[in-house]
Amino acid sequence: MPSQALPGFRDFYPDELELRAHIFRTWREVARRYGFEEYDGPPLEPLDIYTAKSGAEIVGQLYTFTDKGGREVALRPEMTPTFARMVAARANGLRKPIRWFSMPQLFRYERQQRGRLREHFQLNCDLVGEPGPLADAEVIALAIDVMRAFGLTEHEVRARVSDRRVLRSLLTAAGVSEAQLGDAYQAIDKAERSRAPELAAQLHAAGLGDAAIEGVFAVAAIRGRPALEAALADSPDGGAAAPLFATLDALDAMGLGAYIDVDLSIVRGLAYYTGTVFELFDAGRTLRAICGGGRYDGLLLALGGVDLPALGFGMGDVVLAELLKDRGLAPAPAANVDVFVAAVTPEDVPHALAVAHELRDAGIACEFALGGQPLGRQLKLADARGAGRAIVIGPDDRARGEVVVRDLAGKTQAPVRRDAVLTALASGAAVAHTRSGDG
RNA sequence: GUGGUUGUAGCUCAAUUGGUUAGAGCGCCGGACUGUGGCUCCGGAGGUUGCGGGUUCAAUUCCCGUCAGCCACCCCA
């Protein structure tokens with residue numbers, strides 16, 4: 001048994017890379033539709049840009065080492081610190097709002113499971129410089145439109161949306177103190193996965209009273225806009241949800257309302273979110289989150305020293321690829337070549353090479369048999385390669401100054417003058433492409 | 001990092017309460033088929049049964065360890 005890839009790392013065979021390329025193409029195409037520009041940064045960064053934000057305990061989940069210059073470095077586990085640095089460095093010169101996206105490969109040293117590896121690619125889209133609710137709608141809409149571009153409908157993917165400003169208002173009204181908010185968020189985040197008595201015990205240990213604990217569970221159970229509006233009716237700060245509602249209205253106006261579930265159990269694990277938070281899930285909830293993001297208005301100040309409102313999301317390729325395969329939405333295998341050039345006898349081979357290279361110069365993908373196989377075997381290979389046409393060159397054809405152009409799907413063929421091969425291919429029956437979708 | 005569970009050709013899976021040479025389909029290579037492909041038929045290559053140890057006359061099968069996958073926890077930047 002030869003060595004294999006490290007746990008959590010992937011070898012991409014051609015058919016798997018095909019899916020990855022499909023995901024990358026789609027990510028770029030949809031981001032472009034929203035006016036986002038692509039950027040990138042180094043995959044290796046100083047360790048402290050990650051510990052500064054998340055504390056030293058994060059080191060256990062990073063790939064770190066000391067480089068030959070004595071620097072503590074880490075393979076990037078996330079893009080946000082790099083993004084914050086880049087934005088901060090040129091903040092004054094960049095026209096706001098900034099719409100940037102990237103597709104970094106990220107690394108984290110953790111026990112892998114389905115949908116969670118030690119290495120993955122992640123679409124990061126961030127919008128900086130706009131505090132208003134339309135920015136939130138733009139970012140959520142972009143995430144949803146990526147799903148739609150893959151052919152995923154509102155029956156297959158759900159966007160669960162909440163807002164930390166709303167959570168804070170409701171929890172405060174229920175008697176949760178400012179200092180206890182973090183514990184309350186954590187309990188809400190786990191509400192669907194953990195048992196209520198355990199969570200209640202943890203909250204109790206954090207100093208919450210019975211009424212406040214009950215309030216936390218009540219908030220975590222809010223689903224849908226009417227339920228949220230009802231809860232807010234009893235709240236002293238009913239206006240806390242105004243931005244969220246404006247964002248939801250905007251998504252409705254875009255025609256994407258069918259994808260949205262107001263779901264107050266969504267808080268996101270990160271401490272730095274300040275407003276809208278959202279996650280995308282497959283409708284059956286059999287997989288991990290496809291995408292997560294939200295508004296982080298204080299983070300650029302903390303990381304980069306520029307005080308700009310911002311929000312964004314990250315969408316990994318692993319869960320997405322699982323979902324596309326489950327739903328039969330992975331692209332059909334592409335044809336390797338458009339045309340296969342077959343030589344009947346060894347004497348025909350130089351002529352086949354000349355024709356093949358003419359086609360290649362003209363931008364047509366073509367292949368010929370390297371091993372002098374019989375014609376039948378060559379055509380078999382042409383078929384396996386998905387070629388739409390074959391060009392057959394034999395002594396008889398050459399004697400007439402011709403080649404045979406065969407339509408492999410239609411099983412028809414016709415002689416073509418040797419010097420008219422290119423024009424015949426261009427004007428004849430369309431070269432078959434098996435690719436569908438993004439071709 | 002903790003606990004549970006599963007590991008048999010490239011892939012999907014078989015192998016009678018432990019029994020002799022570990023099989024099949026798909027895929028791959030070749031032949032039937034040296035100027036016409038997808039089908040069919042025939043043949044071939046490909047396995048230290050994840051790895052190591054133990055029990056036994058005998059281990060793919062039972063036990064232990066280890067590695068890897070999966071599930072839950074942790075974490076989810």
Side-chain angles (χ1 to χ4, degrees), chain A residues 1-11 13 15 45 49-55 57-62 74-84 104 106-118 120 122 124 186 189-190 193-195 198 266-273 279 286-294 296 299 303 312-314 316 318-319 322 340 342-348 369 371-399 403-413 415:
Chain A
M1 196 55 131
S3 68
Q4 52 189 132
L6 286 168
F9 286 76
R10 298 171 284 178
D11 291 327
Y13 287 84
D15 57 334
E45 289 276 18
I49 73 170
Y50 304 115
T51 55
K53 185 176 116 191
S54 307
E57 69 277 8
I58 201 174
V59 175
Q61 292 163 26
L62 296 179
L75 288 173
R76 60 185 175 195
E78 58 166 325
M79 200 57 177
T80 303
T82 301
F83 173 74
L106 305 176
F107 307 86
R108 63 185 60 190
Y109 192 86
E110 280 188 309
R111 179 78 66 98
Q112 64 159 327
Q113 289 180 34
R114 187 186 187 203
R116 187 175 188 103
L117 306 176
R118 288 179 170 178
H120 71 139
Q122 189 182 71
N124 273 250
Q186 195 170 30
D189 188 39
K190 293 182 178 178
R193 303 189 297 273
S194 302
R195 293 179 177 178
E198 294 172 13
I266 297 296
V267 296
R268 305 285 297 151
L270 276 294
Y272 57 70
Y273 286 110
E279 294 183 353
T286 59
L287 302 170
R288 293 160 193 283
I290 300 163
C291 165
Y296 50 91
L299 190 64
L303 286 184
F313 67 80
V318 181
V319 173
E322 300 275 359
F340 196 98
V344 176
T345 71
E347 288 69 40
D348 301 310
Q373 294 93 328
L375 181 58
R377 185 148 296 280
Q378 293 183 57
L379 290 174
K380 199 168 194 165
L381 182 56
D383 186 60
R385 294 296 200 230
R389 302 208 208 162
I391 293 176
V392 179
I393 303 174
D396 302 345
D397 310 295
R398 285 193 289 114
V403 301
V404 171
V405 175
R406 179 170 178 83
D407 180 328
L408 288 168
K411 286 192 164 240
T412 59
Q413 63 185 38

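Of all heavy-atom pairs between A:V318 and A:R10, the closest is CG2-NH1, 3.8 Å. For the residue pair A:P81 and A:I49, the shortest heavy atom distance occurs at CB-CD1, 3.8 Å. Nearest heavy atom pair, residue A:V319 against residue A:G115, reads CG2-O, 3.5 Å. Shown here for A:R118 and A:Y109, the closest heavy-atom pair between the two residues is NH1-CE1, 3.4 Å.
Spacing between atom CG of A:D15 and atom C1' of B:C11 amounts to 11 Å, rounded to whole angstrom units. For A:Y13 and B:C11, the OH to C1' distance is 12 Å, given to the nearest whole Å. If you measure from atom CZ of A:R385 to atom C1' of B:G37, you get 14 Å, rounded to the nearest angstrom. The separation between A:Q378 atom CD and B:C33 atom P is 18 Å, rounded to whole Å. Atom CD of A:E110 and atom P of B:C73 are 13 Å apart (whole Å). One atom, CD of A:E198, and another, C1' of B:A72, lie 13 Å apart when rounded to the nearest Å. Rounded to a whole Å, the CG atom of A:L381 is 10 Å from the C1' atom of B:G37. Protein atom CZ of A:F340 is 11 Å distant from nucleotide atom C1' of B:G37, rounded to whole Å.
Judged by closest nucleotide on RNA chain B, A:R398 is the one of A:P7 and A:R398 placed further toward the 5' end. Looking at which nucleotide of RNA chain B each of A:V404 and A:F107 is closest to, the 5′-most match is held by A:V404.
If you check every strand for non-hydrogen atoms under 4.0 Å, A:Q413 touches a base. A:G312 comes within 4.0 angstrom of nothing in the nucleic acid, heavy atoms only. Heavy atoms of A:R116 sit under 4.0 angstrom from at least one base atom. At a threshold of 4.0 angstrom between heavy atoms, the contacts of A:G376 are confined to the sugar-phosphate backbone, with no base atom among them.
When the nucleotides B:G37, B:C75, B:U2 are ranked by their closest atom to the side chain of A:R111, B:U2 comes out on top. Checked against B:G37, B:G35, B:A68, the side chain of A:L375 finds its nearest nucleotide in B:G35. Nearest to the side-chain atoms of A:R288 among the listed nucleotides B:A72, B:C75, B:G35 stands B:A72. Checking B:G38, B:U36, B:U34 against the side-chain heavy atoms of A:L379 singles out B:U36 as nearest. Considering only side-chain atoms of A:Q61, the nucleotide from B:C75, B:G37, B:U34 that sits closest is B:C75. Considering only the side chain of A:R193, B:C76 comes nearest among B:C76, B:G38, B:G35.
Searching all strands for a Watson-Crick or G-U wobble partner of B:C33 with both distances below 3.5 Å returns nothing. Across all strands shown, B:G1 forms a Watson-Crick or G-U wobble pair with B:C73, both key distances being under 3.5 Å. Searching all strands for a Watson-Crick or G-U wobble partner of B:G10 with both distances below 3.5 Å returns B:C26. If you check B:A58 for Watson-Crick or wobble pairing at under 3.5 angstrom, you find it has no partner at all.
Using a distance-only test at 3.5 Å, with no hydrogens or angles considered, a donor-acceptor pair links the side chain of A:R288 to the main chain of A:R114. Side chain of A:Q122 to backbone of A:E78: no donor-acceptor contact under 3.5 angstrom is found. Of the possible donor and acceptor atoms, none in the side chain of A:E347 sits under 3.5 Å from a partner among the backbone N and O of A:T345.
For B:G30, the OP1/OP2 oxygens have a side-chain nitrogen or oxygen of A:R377 closer than 4.0 Å. Contact check, A:K190 against B:C74: a side-chain N or O comes under 4.0 Å of OP1 or OP2. Residue A:R406 places no side-chain N or O under 4.0 Å from the OP1 or OP2 atom of B:G38. Distances shown here put a side-chain N or O of A:Q113 below 4.0 Å from the OP1 or OP2 atom of B:A72.
Comparing the same atom, P, in B:G10 and in B:C51 gives a spacing of 12 Å after rounding to whole Å. Distance noted for atom C1' between B:U8 and B:A68: 15 Å (whole Å). When the P atom is used for both B:C62 and B:G3, the distance is 23 Å, rounded to whole Å. Comparing B:G38 with B:G23, their P atoms sit 31 Å apart, to the nearest whole Å. Between B:A15 and B:U60, the two P atoms lie 15 Å apart (nearest whole Å). For the P atoms, the distance from B:U16 to B:U21 is 16 Å, rounded to whole Å. Rounded to whole Å, the separation between the C1' atoms of B:G44 and B:G53 comes to 37 Å. When the P atom is compared between B:G52 and B:A45, the two are found 25 Å apart, to the nearest whole Å.
Looking only at side-chain heavy atoms (C-beta outward), A:L62 and A:Y50 come within less than 4.5 Å of each other.
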